[in-house]
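Heads up, the thing below is written out as structure tokens.
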Amino acid sequence: SKFYASKRREFAKVLMGVNRKDEAKNQLFQSLRNCRHPFSLMKSLIVLLQCYLPKALQPTWPSPVRVVKQPAIAATPRNCP
């Protein structure tokens with residue numbers, strides 16, 4: 001299914017972020033085998049091809065640790081009650 005392939009792609013990106021290339025490629029190959037949606041296949045193929053690029057040309061892969069940004073506190077004008 002398309003949703004399942006999307007999750008495999010996301011997991012593969014995290015695996016690439018921690019330098020587990022073989023496992024990432026395996027996830028991407030499985031996403032290609034399990035989905036027949038052309039757009040989803042294209043996205044999986046692009047990520048797979050990025051795995052074979054030299055390190056300097058690869059994208060910044062997501063971190064395995066989720067980073068939550070705190071919203072900035074809005075400053076209130078001193079002249080307002």
Side-chain angles (χ1 to χ4, degrees):
S1 99
K2 187 176 173 182
F3 177 73
Y4 192 61
S6 173
K7 290 296 180 188
R8 284 195 180 273
R9 273 193 307 275
E10 290 303 315
F11 185 48
K13 290 176 186 179
V14 171
L15 288 170
M16 285 299 293
V18 293
N19 206 29
R20 291 167 60 180
K21 296 177 185 178
D22 291 336
E23 293 171 72
K25 291 173 187 175
N26 184 36
Q27 290 296 317
L28 291 165
F29 281 123
Q30 287 185 27
S31 76
L32 288 169
R33 279 192 291 265
N34 294 334
C35 185
R36 298 293 174 239
H37 297 278
F39 192 65
S40 183
L41 288 169
M42 182 181 67
K43 289 193 290 187
S44 295
L45 188 59
I46 288 170
V47 175
L48 181 62
L49 292 174
Q50 288 174 332
C51 293
Y52 288 97
L53 291 174
K55 187 80 169 163
L57 297 177
Q58 289 183 2
T60 302
W61 302 107
S63 169
V65 178
R66 187 174 183 179
V67 178
V68 179
K69 295 181 181 179
Q70 295 294 325
I73 299 173
T76 56
R78 293 184 182 195
N79 296 341
C80 293

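Note that the CD atom of Q50 and the CG atom of L28 stand 9.5 Å from one another [nearest 0.5 Å]. Distance CD/Q27 to CG/L48: 12.0 Å, rounded to 0.5 Å. Distance check: K43 NZ to S6 OG gives 6.0 Å after rounding to the nearest 0.5 Å. Rounding to the nearest 0.5 Å gives a distance of 11.5 Å between CG of L49 and CD of Q58. In this structure, OG on S44 lies 11.0 Å from CZ on F29, to the nearest 0.5 angstrom. One distance of note links CG of L15 with CZ of R8; it measures 11.0 Å at 0.5 Å rounding.
Looking at E10 and K13, a side-chain N of the basic residue comes within less than 4.0 Å of a carboxylate O on the acidic one, giving a salt bridge.
Side-chain contact between M16 and V47 is absent, with no heavy atoms from C-beta onward closer than 4.5 Å.
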(request) Could you please spell out the steps behind the side-chain contact (heavy atoms from CB on, under 4.5 Å) verdict for F11 and K7? (result) CA-CA 6 Å; F11 185 48; K7 290 296 180 188; over 6 Å; no

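The backbone N or O of R33 lies less than 3.5 Å from a partner atom in the side chain of R36, making a donor-acceptor pair. Remark: side-chain polar atoms of R9 are paired, donor with acceptor, to backbone N or O of S40 under 3.5 angstrom.
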